[in-house]
Undergrad: 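Below you'll find the structure I mean.
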Amino acid sequence: MKKIIAGTVMATALLAASTSSWTTLDGHAYAAAKKNTAASHYIVNVNGNLMTVRSLHRSGIVLLAGSDMAKLFSADYRYDPKHQYYEIRRTSPNIRIVLQTGKKAALVNGKSISLSVAPQRFGQELYVDAKQIAALLGGQWKAEAGVAIVSTSGSFRPFRETWQVNGSTATIHGLVLGQTSFYSVNDVAAAFGATVHVDKKTSMVKVKKGNRTIIFNPFSYVLNAGGKKTSLPTAPFIQNGVPYINLSAIVYALGGEIEEQERFIATSGFIKGTSIHPQWINQNTLLISRPDEASSLLLDIRSRTALRSINEMDLTLSPDGKKAAYVDENGHLFVIDLVSNTVQQIGEDDEVKTDLVWSSDGRSLYCIYGSNNEAVAVVALDNGTVTKLIDDKVKYKTDLRLSSDGTKLLYTVANEGKTNYTDDQKTDVDSIDTSGTDPQLILVDLSSPTKQPTPLTSSPDNKVDSAFLSNHDIVYVSATDDEMSPPSLKVIRNGVEQTLLDKQNIIDMAVVKSRIYVVVEANDLYTIRCFDPSTKSWTTMGSTKNEITSIAPSPYDDQIAVTMATDGGEKVSLLRHGAWINLTK
């Protein structure tokens, strides 16, 4: 208690020693005596939030209500009627300011400082110089374009950030108020090829790009983009003639989209809708299927824009990435030159062809052939000649694969179940015996004169995602219908089967350059892992909580294209150096 009394006496004595005379004025009397004094309200942008404070205008000087100032900075405010002083106290930063009417001295944490403008009382309120009080409270106050801009935590902090705009590097400047970032409208507009005009009289900001016009002002949260009004999350402002605004708001208003974590802006927005089956054309380009539009796109992963649209889907890319093949609804085979965008029909054969596989030299295509998928054939692309390699009449061949040296074929086949009938006319089915119908892997040595299909497996499990390694080892995912028994990753080497990964929820598997990539799900976390057979070691490439449905590792570098499930279908993303990048929405 003694310390408080001592502090009060010291404050009173110090302020009383000011060179200005001390006068206690009644508000009404003061207003009557000073006809050039008027009280009103003042718009303040506090860390991006518009607020109104009471102001006192006297002889061209604007003072702000002390209690309102304290509220802006989350400080306490009180008046000591006994000693006739006002106190503003804030705990972070720890500061105590003692003020008196008409005195150009203040006590700040026990030390006397000079004030640029003496506080004035109007009614029951003390009005103070906002700029100096804001600085004492650990912030900054600056007025421009009819609005005061306030940072309650430190001074305005300028910054510059490097962003990717359609894959090209751009620098965007900004200011931080409190903990909120605002970005230069001039810099963003320049990235979009837009112009900016600030009306000096009204402070209205107009951004124009082609036929699109965006209007906003520092007095409002409303942004008008082409006649459509939207609400801004924070109020814009103008500093040194440059308008600043929330980045996402101005990007979307200009017709673009933004990935803030990646610092990427797409000026025309991202590709939307279901995107599946990514294939690597080259290090920077993907071929993706668009089932909603029954088309395909060449997607530039740097700009995340479509280089070209193709009115076909289910394309199979050639090894050199320059051509793609497909079969139309009539069974005719076509090849698209992705460089010239020309399409060539290969021969006149109209038999069903599935599971297209290019030869390594790009001169022929292998396929599962026939209406019941009962044969394996190769099509010469120079003349369209179809040659059956396997014609054993065993139906339902699938998952055709070709070894990298072109000497071996691999496919999966499941025998038909035996149907038992109740009558000799076979009109009433009694039962179907499915024993012995489990899918099995079949290997064909193309260098052999007989090209005899050789079963590699006989186990009663499903075998999916089979693939050749460069040394002719074969890997596949083994799965059963038992939900309590998760899949396993297996390899067949010299006829002997080994398990590489046991009892894991394997979502997808792919082989690139003899490295084996798998997606494993556990506890709603999807992880991509890579196995190097030469070192027999596993490496974790990245994890995400988003549902991964397939993977396509790049043959050119360590990037991995993935498809992910979304509420609107599947999207294509990229895993690069452990970071996830959305290529489509």
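None of these values were measured; they are calculated from a predicted model.
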Undergrad: Measure from the side-chain N and O atoms of Trp163 to the backbone N and O of Ile172, and report whether any donor-acceptor pair falls under 3.5 Å.
TA: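 Between the backbone of Ile172 and the side chain of Trp163 there is no qualifying donor-acceptor contact (under 3.5 Å).
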
Undergrad: Do you know which two heavy atoms are closest between Leu356 and Thr316, and how far apart they sit?
TA: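 Looks like O-CG2, 3.5 Å.
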
Undergrad: Could you tell me if the side chain of Leu175 sits less than 4.5 Å from the side chain of Arg157, heavy atoms only?
TA: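 The answer is no, as the side chains (C-beta and beyond) never meet within the 4.5 Å cut-off.
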
Undergrad: Would Lys463 and Asp461 pass as an ion pair if we require N to O under 4.0 Å?
TA: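 The answer is yes: the pair qualifies as a salt bridge.
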
Undergrad: Say whether Thr234 and Thr180, considering side chains only, have a donor N or O and an acceptor N or O under 3.5 Å apart.
TA: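 Thr234 vs Thr180: no donor-acceptor pair found between side chains.
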
Undergrad: How far does CG of Asp532 sit from OG1 of Thr539, to the nearest 0.5 angstrom?
TA: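 Nearest 0.5 Å value for the CG-OG1 distance: 7.5 Å.
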
Undergrad: Atom CZ in Phe264, atom CD in Glu257: separation rounded to 0.5 Å?
TA: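 With rounding to 0.5 Å, CZ (Phe264) is 11.0 Å from CD (Glu257).
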
Undergrad: Before accepting this row, confirm whether a basic side-chain N of the pair Glu374/Lys388 lies closer than 4.0 Å to the acidic partner's carboxylate O.
TA: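 So Glu374 does not pair with Lys388 through a salt bridge.
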
Undergrad: Show the numbers, then the answer: is there a side chain to side chain donor-acceptor pair (under 3.5 Å) between Lys571 and Asn582?
TA: CA-CA 8 Å; Lys571 68 179 181 181; Asn582 290 322; 3.1 Å; yes

Undergrad: With side chains defined as the heavy atoms from C-beta onward, is the minimum distance between Gln179 and Asn47 less than 4.5 Å?
TA: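 No; the side chains remain at least 4.5 Å from each other.
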
Undergrad: Are Phe159 and Tyr183 close enough that their ring centers fall under 6.0 Å?
TA: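 Yes - the distance between ring centres of Phe159 and Tyr183 falls below the 6.0 Å cut-off.
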
Undergrad: What heavy-atom pair brings Glu521 and Asp524 nearest, and what distance separates the two atoms?
TA: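 Shortest heavy-atom contact: OE2-N, 2.9 Å.
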
Undergrad: Would a 4.5 Å heavy-atom cut-off, applied to side chains only, mark Ser296 and Glu312 as touching?
TA: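 Sidechains of Glu312 and Ser296: no contact.
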
Undergrad: Taking the side chain as every heavy atom from C-beta outward, state whether Phe334 and Val327 have any atom pair closer than 4.5 Å.
TA: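 Contact flag for Phe334/Val327 side chains = no.
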
Undergrad: Ser359 side chain to Leu365 main-chain N or O, any donor-acceptor pair under 3.5 Å?
TA: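 Not a single qualifying donor-acceptor pair exists.
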
Undergrad: Short question: side chain of Asn166, backbone of Thr267 - any donor-acceptor pair under 3.5 Å?
TA: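 Yes; at least one donor-acceptor contact below 3.5 Å.
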
Undergrad: Please name the residue in the list Thr540, Ile548, Ile507 that meets the side-chain contact (heavy atoms from CB on, under 4.5 Å) test with Ile528.
TA: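 Going through Thr540, Ile548, Ile507 one by one, the side-chain contact (heavy atoms from CB on, under 4.5 Å) with Ile528 is satisfied by Ile548 alone.
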
Undergrad: Under a 4.0 Å N-O cut-off, is there an ion pair linking Arg302 with Asp300?
TA: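 Looking at Arg302 and Asp300, the cut-off is met.
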
Undergrad: Under 3.5 Å, side chain of Gln440 to main-chain N/O of Ser459, donor-acceptor pair present?
TA: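 Present.
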
Undergrad: Using only atom types and a distance under 3.5 Å, with no angle test, would you say the side chain of Lys209 pairs donor to acceptor with the backbone of Val207?
TA: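 No, because the side chain of Lys209 does not come within donor-acceptor range (under 3.5 Å) of the backbone of Val207.
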
Undergrad: Determine whether Ile301 and Trp280 make a side-chain contact, defined as any pair of heavy atoms from C-beta on separated by less than 4.5 Å.
TA: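 A side-chain contact under 4.5 Å exists here.
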
Undergrad: Can you tell whether the side chains of Asp337 and Lys323 come within less than 4.0 Å, N to carboxylate O?
TA: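 Not counted as a salt bridge, because no side-chain N and carboxylate O are separated by less than 4.0 Å.
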
Undergrad: OG of Ser289 to CD of Gln279: how many Å apart, nearest 0.5 Å?
TA: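 One gets 7.0 Å once the value is rounded to the nearest 0.5 Å.
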
Undergrad: Is a salt bridge present between Asp391 and Lys451, judged by a nitrogen-to-oxygen distance below 4.0 Å?
TA: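 No, this pair does not count.
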
Undergrad: Taking atom CG as the centre, does Asp558 end up with more than 12 heavy-atom neighbours from other residues, nucleotides or ligands that are less than 6.0 angstrom away?
TA: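 12 or below, so no.
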
Undergrad: Let me see the working for Met541 and Cys530 under side-chain contact (heavy atoms from CB on, under 4.5 Å), right down to the final yes or no.
TA: CA-CA 7 Å; Met541 308 299 289; Cys530 176; 4.0 Å; yes

Undergrad: Should the heavy atoms of other residues, nucleotides or ligands under 6.0 Å from CG of Asn330 be counted, would the total exceed 12?
TA: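 Yes - once you tally the heavy atoms of other residues, nucleotides and ligands closer than 6.0 Å, there are more than 12.
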
Undergrad: Hey, are Glu262 and Arg304 close enough for a salt bridge, meaning a charged N less than 4.0 Å from a carboxylate O?
TA: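 Answer for the salt bridge query: yes.
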
Undergrad: With rounding to the nearest 0.5 Å, note down the distance linking CG in Leu333 to CD in Gln345.
TA: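 Between atom CG of Leu333 and atom CD of Gln345 there are 8.5 Å.
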
Undergrad: Is the side chain of Asp355 donor-acceptor paired with the backbone N or O of Asp399 at a distance under 3.5 Å, no angle test?
TA: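 Yes.
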
Undergrad: Any side-chain heavy-atom pair from His332 and Tyr326 closer than 4.5 angstrom?
TA: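 Of all side-chain heavy-atom pairs linking Tyr326 with His332, none is under 4.5 Å.
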
Undergrad: Given side-chain contact (heavy atoms from CB on, under 4.5 Å), test Leu446 with Val444 step by step and report yes or no.
TA: CA-CA 6 Å; Leu446 295 178; Val444 179; 4.2 Å; yes

Undergrad: Would a distance-only check, ignoring hydrogens and angles, find a side-chain to backbone donor-acceptor pair under 3.5 Å from Ser184 to Asp187?
TA: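 Pair found, side chain donor or acceptor close to backbone of Asp187.
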
Undergrad: Does the salt bridge (charged side-chain N to carboxylate O under 4.0 Å, His left out) test come out yes or no for Glu259 and Lys585, once each step is laid out?
TA: CA-CA 11 Å; Glu259 287 283 356; Lys585 290 285 189 177; 2.7 Å; yes

Undergrad: Quick one: CG on Asn341 to CD1 on Ile310, what's the gap to the nearest 0.5 Å?
TA: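 Here the rounded value is 6.5 Å.
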
Undergrad: Heavy atoms only: give me the nearest Ile506-Ser488 pair and the separation to one decimal.
TA: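 Distance-wise, the nearest heavy atoms are CD1-C, 3.8 Å.
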
Undergrad: Where do Thr274 and Gly568 come nearest, in terms of heavy atoms and distance?
TA: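 Nearest heavy atoms, Thr274 then Gly568: OG1-O, 3.6 Å.
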
Undergrad: Using modelled atom types and a 3.5 Å cut-off, is there a donor and acceptor pairing between side-chain atoms of Lys490 and backbone atoms of Ser478?
TA: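 Flag not set: sc Lys490 to bb Ser478 has no pair under 3.5 Å.
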
Undergrad: Mind checking the OG1-OH spacing from Thr549 to Tyr526? Nearest 0.5 Å is all I need.
TA: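 Nearest 0.5 Å value for the OG1-OH distance: 9.5 Å.
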
Undergrad: Under a 3.5 Å distance rule, please check whether Trp358 uses its side chain to pair with a backbone N or O of Ser364 as donor and acceptor.
TA: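 Side chain of Trp358 to backbone of Ser364, a donor-acceptor pair under 3.5 Å: no, none is there.
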
Undergrad: Short question: side chain of Ser403, backbone of Thr407 - any donor-acceptor pair under 3.5 Å?
TA: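 Indeed, once roles are kept as given, a pair shorter than 3.5 Å links the two residues.
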
Undergrad: Checking Thr385 against Thr387 for the side-chain contact (heavy atoms from CB on, under 4.5 Å) test, could you report, in this order, the C-alpha distance in whole Å, the side-chain angles of both residues, the deciding distance, and whether it holds?
TA: CA-CA 7 Å; Thr385 300; Thr387 303; 4.2 Å; yes

Undergrad: Output, in order, the C-alpha distance, side-chain angles, deciding distance and verdict of side chain to side chain donor-acceptor pair (under 3.5 Å) for Asp349 and Tyr369.
TA: CA-CA 11 Å; Asp349 186 279; Tyr369 189 82; 2.8 Å; yes

Undergrad: Nearest heavy-atom pair of Ile442 and Pro455: which atoms, and what distance?
TA: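 Closest approach of Ile442 to Pro455, heavy atoms only: CD1-CA, 3.7 Å.
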
Undergrad: Mind running side chain to side chain donor-acceptor pair (under 3.5 Å) on Ser248 and Glu260 for me, showing each step along the way?
TA: CA-CA 8 Å; Ser248 295; Glu260 294 194 48; 2.7 Å; yes

Undergrad: Evaluate the criterion side chain to side chain donor-acceptor pair (under 3.5 Å) for residue pair His472 and Asp405; output intermediate values, then yes/no.
TA: CA-CA 9 Å; His472 290 175; Asp405 63 1; 2.9 Å; yes

Undergrad: Taking C-beta and beyond as the side chain, do Val519 and Thr527 meet within less than 4.5 Å on heavy atoms?
TA: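 Sidechains of Thr527 and Val519: no contact.
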
Undergrad: When you compare the side chain of Ile271 with that of Thr305, does any pair of heavy atoms fall below 4.5 Å?
TA: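 With C-beta onward as the side chain, the pair stays apart.
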
Undergrad: Run Gln164 and Thr169 through side-chain contact (heavy atoms from CB on, under 4.5 Å) and show every step you take.
TA: CA-CA 5 Å; Gln164 292 294 308; Thr169 301; 3.0 Å; yes

Undergrad: Assess, by modelled atom type and distance only, whether the side chains of Asn282 and Asn284 contain a donor and an acceptor separated by less than 3.5 Å.
TA: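 There is no such pair between these side chains.
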
Undergrad: Check Thr354 against Val352 and note the closest heavy-atom contact, atom names and distance.
TA: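 So the two residues come closest at CG2-CG1, 4.1 Å.
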
